[in-house]
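One structure is given below, encoded as structure tokens.
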Amino acid sequence: YLDRCPCLEEENDIFSMHGRYLDGDIVRIEEEEEERQIWKIVYVGFVLFLMFAALLSDKIGADLVMVGALTLCMVSQIITVEEGLSGFANEGVLTVLVRHI
């Protein structure tokens, strides 16, 4: 068993990579996870396109466009609500916010 595992030549840890070479299930699981991530990439690209188009049209305020894009990412669970709102806890962001009000 250990003689057939090519990863032992590269790694000292027996359990680190040998499943990838000997068991096709791990490779299939990784491929399925990658396929699940593709929709997130397409979705964020679409949100960015809409955001830039709205910013260039200048019909909607930049603050509403940015908060709208953030909200779309939080609703689709690409980022968590905690991650989305954590930026507002930064003193620099609050300073700029207060300055523009």
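On a predicted model such as this, the values are computed, not experimentally measured, just so you know.
The minimum heavy-atom distance between Val65 and Ala54, with the atom names listed, is CG2-CB, 3.8 Å. Contact record, Leu70 with Gly84: CD2-O, 3.7 Å, taken as the closest heavy-atom pair. Taking each heavy atom of Leu55 and Met66 in turn, the nearest pair found is CD1-CE, 3.7 Å.
Linking Ile, Leu, Val, Met, Phe, Trp and Tyr residues whenever their side-chain heavy atoms come within less than 4.5 Å leaves Trp39 and Val75 in two separate clusters. Leu48 and Val67 fall into different hydrophobic clusters, where Ile, Leu, Val, Met, Phe, Trp and Tyr side chains are chained together by heavy-atom contacts under 4.5 Å. One hydrophobic cluster, built from ILVMFWY side chains closer than 4.5 Å, cannot hold both Val44 and Phe46; they sit in different ones. There is a path of hydrophobic side-chain contacts, each under 4.5 Å, that joins Phe88 to Met74.
Taking 4.5 Å as the limit, every side-chain heavy atom of Leu72 sits out of range of all side-chain heavy atoms of Ile78.
Annotation: Tyr43, atom OH; neighbour count of heavy atoms from other residues, nucleotides and ligands within 6.0 Å is above 12. Summarising the local packing, CD of Gln37 is surrounded by more than 12 heavy atoms from other residues, nucleotides or ligands at distances under 6.0 Å.
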